[in-house]
J.: 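One structure coming up, written as structure tokens, with questions to follow.
Quick note on labels: first sequence line is chain A, next is B, and so on, each numbered from 1.
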4 protein chains.
Amino acid sequence: MAPPSNPRSRPSQPAIPAGRASQPAIAGARRVVSDKREAILDAALALFVERGFWGTAVPEIADRAGVGAGTIYRYFDSKEALVNAIYRGQKMRFSAGVLDDFPASANTREQFRTIWMRMARFASANVPAFIFLELHHHASYLDAESRAVEQRMLDIITAVVTAAQARRELKAGDPRLLMGLVLGAFIGVIRSCLDVGQTPADADWAFAEQCIWEAIRS
Amino acid sequence: MAPPSNPRSRPSQPAIPAGRASQPAIAGARRVVSDKREAILDAALALFVERGFWGTAVPEIADRAGVGAGTIYRYFDSKEALVNAIYRGQKMRFSAGVLDDFPASANTREQFRTIWMRMARFASANVPAFIFLELHHHASYLDAESRAVEQRMLDIITAVVTAAQARRELKAGDPRLLMGLVLGAFIGVIRSCLDVGQTPADADWAFAEQCIWEAIRS
Amino acid sequence: MAPPSNPRSRPSQPAIPAGRASQPAIAGARRVVSDKREAILDAALALFVERGFWGTAVPEIADRAGVGAGTIYRYFDSKEALVNAIYRGQKMRFSAGVLDDFPASANTREQFRTIWMRMARFASANVPAFIFLELHHHASYLDAESRAVEQRMLDIITAVVTAAQARRELKAGDPRLLMGLVLGAFIGVIRSCLDVGQTPADADWAFAEQCIWEAIRS
Amino acid sequence: MAPPSNPRSRPSQPAIPAGRASQPAIAGARRVVSDKREAILDAALALFVERGFWGTAVPEIADRAGVGAGTIYRYFDSKEALVNAIYRGQKMRFSAGVLDDFPASANTREQFRTIWMRMARFASANVPAFIFLELHHHASYLDAESRAVEQRMLDIITAVVTAAQARRELKAGDPRLLMGLVLGAFIGVIRSCLDVGQTPADADWAFAEQCIWEAIRS
DNA sequence: CATGAATGAGTATTCATTCAT
DNA sequence: CATGAATGAATACTCATTCAT
């Protein structure tokens, strides 16, 4: 559809290891490119959350990112490619935040608490990103690869759940149902707070975690 | 400049007694006018679910409804008026389906089961309508009246929850949080099934109901 | 382009000979038709003056005339045919009002005063009609016949002017120029009053008449 | 939502010193942008005269100007903004052409001749522009600023007329009436020529000037 | 590489006209 | 004859995308 295509494979990687921003010549030149890509992703994420995918014009994204409209098309093939890049990037951050160093050998109670509180940490620290992931969940412009990223996380958790069920520490039944129930409840908690303009407090998260644990424990 | 104004003979008719759509002769003749309105509402609901509000073009709705594009504007002032009419109509059907003849004097366990299973019945029988209500929850094009319809249902349920908490039959805590958790779990259950192309079976609903009851009971 | 086509040749004839509106049976039936035609012409004239040709919707005309939208097409082939019928009708009324019983044998001073004051009488008594004729002068939707009606009046006056020039009672020169100057001045006088929401008083008309006479007399 | 706003480098540039449009090299390069704006204004002026404001479709203007339809909206916020820009621009050119270096100390005969012949010069050299100003005089889509431009010119001339009346060099009476009469006659002269496809010759203008002077002198 | 002016296909909406009743 | 619901072509305007600079 369009020319250059994504010049950097790095999928958005937020937390730039601060503290070594001061580096000379060549590194600086290399950064310029990435900074633009980063700026575009950030601007687009914010605008997609504020106004939705269809409500956001590409030139607006360019303005907010401080680049020319044409520049966006040097980094992304299309507006859809852009939204998919954001989706994949954030979903992978979310996935990493929840599953990295997963306490595979802990008991189920501990594992559940870990997952829940990590999700809570991510959602609280990245409200726009989390809203974005929710809003765009199953949107018609998400492509197969984006759905695959989603699926990968699901597969991992499914394995965890199945193992826990095998240990009789979770209710028996379709793992999909159980996971849907848990993720749905999690989103419901956030929504109930955002609807009144707040973010759930730590106590809220802990309370909800206890509730849902009681829902799923055997 | 404005069209001859909405004939609006029936504003979407909540809670059609499903199962006896077959009625004879004369009633059919009287229907002709309303049938177009109904066809537009149905077509729009389906397309809004498939592609979203902004992703659906008005002529597409007209095509699917089997009417001319201009005809839509004889029944609805604008695309936004149309989506609001659908939202209000379905929300009221949903609300009626859940809250009519509510067993106010039953115990909390019974009340919860009633609400949950009624929601399940509506969602299963009206999958597109339920998805529509979820997708368009808090969309920017919903007007004040549509939000009011939503709020009315919320208020009623809040009262039920608060009363149950007062009786110590539900966990203490912000009713909003509890309700968000329950509704979120409910949606999560549906999503987990739709994602694999199915609708939750009665057994699934009953299982999930038991889970969530354990989450919220004191 | 369209079906029935104008069922009555009578081109708008306003001043219905009042005083014999009370007539029995058959005449009454015949009147009904004409009344609708009349009502349509009146409503259209008023709306075209208020909002212009393009700014007026056919159903609006029907509403104001108290008939169905389709009815207009029983009397006029199209919106353009309607505006042309009005134009021709009013132009002929104007022409008749100015030229009927023209004092062919009077001196030029008297003839000029006659023409001017008759034009003034028509314009004052039929402000909307006069504005209509001015607004639609040379509009792109006027057809050849409408222009011919205009031309006929011009030809008659040209003859009068030429005769007066032959008698050396008017300045020599192209009669067209002289007539354009006079008619233009007449319209300018009306405009200058309408711009401030008034109609020229008799004294204004007389004053202007004297001015223009001095402009054209030899 | 709104376009990046009008670059508006020159708001139609009144009174281009005709006769030296030929300037070299670099200036040409700088022109490129404005040339599109100019082309749009020219095309729109011509079409508005031919078919009227409502009778002219925006894509037609784009075609005639040799630009894309969307391009018009880079230079003008809307079709109405476009017609207002033309009106203001031409009215200011007209005003400047008539009133710049006005011989304030000359006698009334000389002042009148100056105004009349300057108007004639403008109208002859810019027939479409003059017709445009006439046709769109008091049109509903003209905004307050456009009307203000018109009013400014009127005020100046009113002062001149009042002063001349005070010197007893013009007939006494409402200045508005006198001015309407003169401007009307001027337009009438042009119309009488355009109706037969010509432009008034210098001799015609001089003849008419003498006529109207006799109409208004005391 | 970066830009942003230019584009034209696509959008929601209007309205002259038709035709079944 | 009269109607007005229905139509679809036409309108003004937007915006993702391109490409000359």
Side-chain angles (χ1 to χ4, degrees), chain A residues 1-4 7 29 32-33 36 54-63 67-82, chain B residues 1-4 7 29 32-33 36 54-63 66-80 82, chain C residues 1-4 7 29 32-33 36 54-63 67-80 82, chain D residues 1-4 7 29 32-33 36-37 54-63 66-80 82:
Chain A
M1 282 219 175
V32 171
V33 170
K36 291 215 151 125
W54 299 106
T56 303
V58 173
E60 277 178 316
I61 299 171
D63 277 358
V67 303
T71 304
I72 288 180
Y73 290 85
R74 306 209 129 265
Y75 293 94
F76 306 95
D77 283 350
S78 66
K79 194 187 182 186
E80 296 210 354
L82 171 56
Chain B
M1 297 267 159
V32 170
V33 171
K36 285 226 148 92
W54 298 110
T56 302
V58 172
E60 281 178 311
I61 299 171
D63 278 356
V67 303
T71 303
I72 289 181
Y73 291 88
R74 292 197 69 72
Y75 292 94
F76 305 95
D77 284 347
S78 65
K79 196 187 179 186
E80 297 213 353
L82 171 56
Chain C
M1 282 216 175
V32 170
V33 170
K36 289 213 155 129
W54 299 107
T56 303
V58 172
E60 278 178 314
I61 299 172
D63 276 358
V67 303
T71 304
I72 288 181
Y73 290 86
R74 306 207 130 266
Y75 292 95
F76 306 95
D77 283 350
S78 66
K79 195 186 181 189
E80 296 210 355
L82 171 56
Chain D
M1 295 265 159
V32 171
V33 170
K36 286 229 149 90
R37 193 182 138 89
W54 297 110
T56 303
V58 172
E60 281 179 312
I61 299 172
D63 278 356
V67 304
T71 303
I72 288 181
Y73 292 88
R74 291 197 68 74
Y75 292 95
F76 305 95
D77 284 348
S78 65
K79 194 186 180 187
E80 296 214 351
L82 171 56

J.: Between C:Gly68 and D:Ala69, name the one whose nearest nucleotide on DNA chain F is closer to the 5' end.
T.: C:Gly68
J.: When the distance from CZ of D:Arg74 to P of E:dA5 is rounded to whole Å, what number comes out?
T.: 5 Å
J.: Would you please name every residue forming a salt bridge (charged side-chain N to carboxylate O under 4.0 Å, His left out) with B:Glu60, sequence neighbours left out?
T.: B:Arg51
J.: Would you check if the side chain of C:Lys79 reaches a backbone N or O of C:Thr56 as a donor-acceptor pair within less than 3.5 Å?
T.: yes
J.: How long is the line joining CD1 of C:Ile72 and P of F:dA5, in whole Å?
T.: 15 Å
J.: Can you tell me if the side-chain N/O atoms of D:Tyr75 get under 4.0 Å from OP1 or OP2 in E:dA5?
T.: no
J.: Is D:Val58 touching bases, backbone alone, or none of the nucleic acid, heavy atoms closer than 4.0 Å?
T.: sugar-phosphate
J.: Without decimals, in angstroms, what is the distance between A:Lys36 NZ and E:dT3 C1'?
T.: 9 Å
J.: Using a 3.5 Å limit for the pairing distances, which stems of at least 3 consecutive Watson-Crick or G-U wobble pairs does DNA chain F take part in?
T.: E:2-21 with F:2-21
J.: Is C:Tyr73 near enough to E:dT17 that one of its side-chain N or O atoms lies under 4.0 angstrom from OP1 or OP2?
T.: yes
J.: How many Å lie between CD on A:Glu60 and P on F:dA16, as a whole number?
T.: 8 Å
J.: Without decimals, in angstroms, what is the distance between C:Leu82 CG and E:dA16 P?
T.: 11 Å
J.: Quick one: on DNA chain F, does B:Gly70 or A:Pro59 contact a more 5' nucleotide (nearest heavy atom)?
T.: B:Gly70
J.: Could you tell me the separation between the NZ atom of B:Lys79 and the C1' atom of E:dT11, rounded to a whole number of Å?
T.: 8 Å
J.: Starting at CG of B:Asp63 and ending at P of F:dT7, how long is that distance when rounded to a whole Å?
T.: 11 Å
J.: Considering the options A:Asp63, A:Leu82, A:Ile72, which one meets the side-chain contact (heavy atoms from CB on, under 4.5 Å) requirement together with A:Val58?
T.: A:Ile72
J.: Nearest heavy atom decides the nucleotide; on that basis, is A:Val67 or D:Gly66 closer to the 5' end of DNA chain E?
T.: A:Val67
J.: What is the separation between atom CG on D:Asp77 and atom P on F:dC15, rounded to the nearest whole Å?
T.: 14 Å
J.: Of the nucleotides F:dA16, E:dC15, E:dT13, which one has an atom closest to the side chain of C:Ala57?
T.: E:dC15
